[in-house]
Structure formats: structure tokens, C-alpha cells
Amino acid sequence: ALLVGASLAVLSTGASALTIGFSQIGSESGWRTSETESIKAEAKKRGIDLKFSDAQQKQENQIKALRSFIAQGVDGILLAPVVETGWDQVLKEAKDAKIPVVLVDRGVKVADESLYLTKVASDFVEEGRLAAAWLATRTSGKCRYVELQGTVGSSAAIDRKKGFEDVVKLFPRMEQARSQSGDFTRSGGKQVMESFLKAEDGGKALCAVYAHNDDMALGAIQAIKEAGLKPGKDLSIISIDAVPDIFKAMADGDTNATIELNPHLGGPAFDAIDAAKAGKPVAKWIKAQGPLYLPDTAADEYKRRSAQ
Ligand code: GZL
């Protein structure tokens, strides 16, 4: 009966019942949680047996998970790399085992690009440029801002910083007062913002906050309020992810803009593995670029996204 059941499962989905290992970074932000839920749902829909591993933000746990997937002889691996470097050896082991690795959400720096099949991720440099263009426009190119960076060494943090500064350098009166990592978490964003406000005379001379993700912006909003200032008014705030809670804050007037980051990366990732197995060519970077959202649609976006 079990055998029949399994073969029926294969017949019903049409796709072969693949076993895929997914090494996820952790659950540091609302965005990451929705990414995990979306990829698990997509695997279920496709009849894929997904082996899930949460690395609690530690690269060594991701490397252990990849080695375990290789030992299990999975058909493919999804990896959301917490940091850019340190992957060459384990990716070589996956390649030697003929197991395709798809990077989801973040990138890696490796000597040999053939060590992974493709990267399904947004262009973080573009996100940084868009954020800075919005801030420069809103402040007529004159603003002393602070930056809440994402996880140190992550491609998201490195590139969002780079893109923002590519544009800021075009405006001589845009000035970065301070920049520090809040590790993409609400508590990290709050703690770092508290230290910035203390160091900056209570924040009076500050014009804006650029947060590499919404969760740190939400923490910063708390800190700004506790310092007696009005977030979204005394300080302009922009962040990235477009999670439901940022739209709630925007509708309340506490923040001013967010850039959407697509969490639904399972479809393109699984399609890439299917294509590779069918011997079809796969692009090295499958990009999903999100737009910028402003307060005028925030209430509707909050309602729509929190109902999903
Ligand atoms: C970006 C992703 C970032 C999100 C954060 O693709 O890696 O990591 O912007 C998450 O919310 O922590």
C-alpha cells in the first residue's frame, strides 16, 4: 500500500519526488520567517521531500547541514548563505557528489562560480541606490543620516551599504553621521539606535535613518519614541523588506518608505533544479526586484499582506 501510495504521489504531481535539502539562516526577521514558510509551502505543492535546517545564524551550522545533505544523497540543495565567504570547500564537496546547489536570497564569494547552479536573489546594490535616491529627493540633498547595517559580512548588508553610498556621494550635503550593524533584528536596531541618539545629542541634529531591513527600522522607531522624538517626522526613515508591520508603522506615520523584497523564492529555485536535471541551461542569477512603497498605500498594503 505504501509503495502504491508513493508511486501515486509521483503520478499526481507529475514531477519526480525529489528530495531537497534547505539550509536556512535562521528566523532573525519577519521577512526570513515568511521566506521559510513560502519555500516549505512550494515544496509541499510540488511533492518535494524538503529536509529543512535552521542554522541559528551560524555559518558552521550551515556547513554541517550541507555535509549532512550530501551524505544523505539529496537531489539538490537550497542554501541561504548567512555570510559571503567560507563556502568553497563544502560547495566543492556538493559538486563532487553531483548535487546542484541553488543560492536563495543572498550571494557568496567563491573562486569558481561553477560551485553553485544559480542565485535566486534581489540586487541589493540597486535597493541601496533606490533608498538613497528617495532620501536625497525627500531632503533636497541635505541630510545627516545614520545607517543600521544588516548582518556583518552578509551580501545583503555589504551591497545595500555600497548602493546607498554610490548615490549619496553625488550629493555633497548628504552626510553619514554613524553606521553600525543591528544584525537584521528588531532588538539590534533598537539598541544601536539608542546608542546613536545618545552619541548625537539626543538625535536633534539627525535628519534620517537608513535601515537595511524593516525589523531594525521597527526597533529604531521604538528608540526614537523613547528619546522623545517623532519617528517619520523629526527623523525620516527608510528600510527594506516590505513586511506587514512596516506598513502598519507607515500608516501610523512612524516611518516613510520601504522597498519590497520578494520572499517567494522556492518556485524559481526548484524550477532551476528541475532544469539542471533535464540538462537545460540555467541563468547564473535569477533576479526578483521589488518596488518602493510610500505611506499613501500603506493602510491598504497592511490589510492585504496581513490577511495573506
Ligand atoms: C535579504 C535578506 C535579509 C532581509 C532581512 O535578501 O537576506 O536578511 O532583508 C533578513 O530581513 O534578515
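In each ligand, atom 1 is the first atom listed, and ligand 1 is the first ligand listed. This structure is a prediction, so every number in the text was calculated from the model and none was measured.
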(message) Please determine whether a side-chain nitrogen of the Lys or Arg among D166 and K162 lies less than 4.0 Å from a carboxylate oxygen of the Asp or Glu.
(response) yes

(request) Answer yes when R305 and E260 have at least one side-chain N-carboxylate O distance shorter than 4.0 Å, and no when they do not. (result) yes

(request) Scan side-chain atoms only and decide if S68 and Q72 contain a donor-acceptor pair under the 3.5 Å cut-off. (result) yes

Would you check whether [X] has a nitrogen or oxygen atom less than 3.5 angstrom from a nitrogen or oxygen atom of ligand 1?
X	result
N213	yes
H212	no
R160	yes

(message) So if I count the atoms of ligand 1 from 1 in the order they appear, which ones are less than 4.0 Å from some heavy atom of S29?
(response) 5 (C), 10 (C), 11 (O), 12 (O)

(request) Would you mind listing which atoms of ligand 1 come within a distance below 4.0 Å of any non-hydrogen atom of F124? (result) 1 (C), 6 (O)

(request) Compare D241, D105, T185, I240 and give the one whose heavy atom is closest to atom 4 (C) of ligand 1. (result) D241

(message) As a check for students: among E35, Q57, R106, identify the option with a heavy atom nearest to atom 3 (C) of ligand 1.
(response) R106

(message) Which residue and atom name correspond to the protein heavy atom nearest atom 10 (C) of ligand 1, and how close is it?
(response) E28 OE2, 3.2 Å

(message) Taking 4.0 Å as the limit for heavy-atom contacts, which would you say applies to L261 with ligand 1: side chain only, backbone only, both, or neither?
(response) side chain

(message) Check for me whether the distance between the ring centres of F196 and Y145 falls short of 6.0 Å.
(response) no

(message) For K230, I'd like to know if atom NZ has over 12 heavy atoms of other residues, nucleotides or ligands within 6.0 Å.
(response) no

(message) Taking side-chain hydrogen bond (donor to acceptor under 3.5 Å, both in side chains) as the criterion, tell me which of Q62, K64, K51 meets it with S23.
(response) Q62

(message) For L261, is there any backbone N or O sitting under 3.5 Å from a side-chain donor or acceptor partner on D241?
(response) no

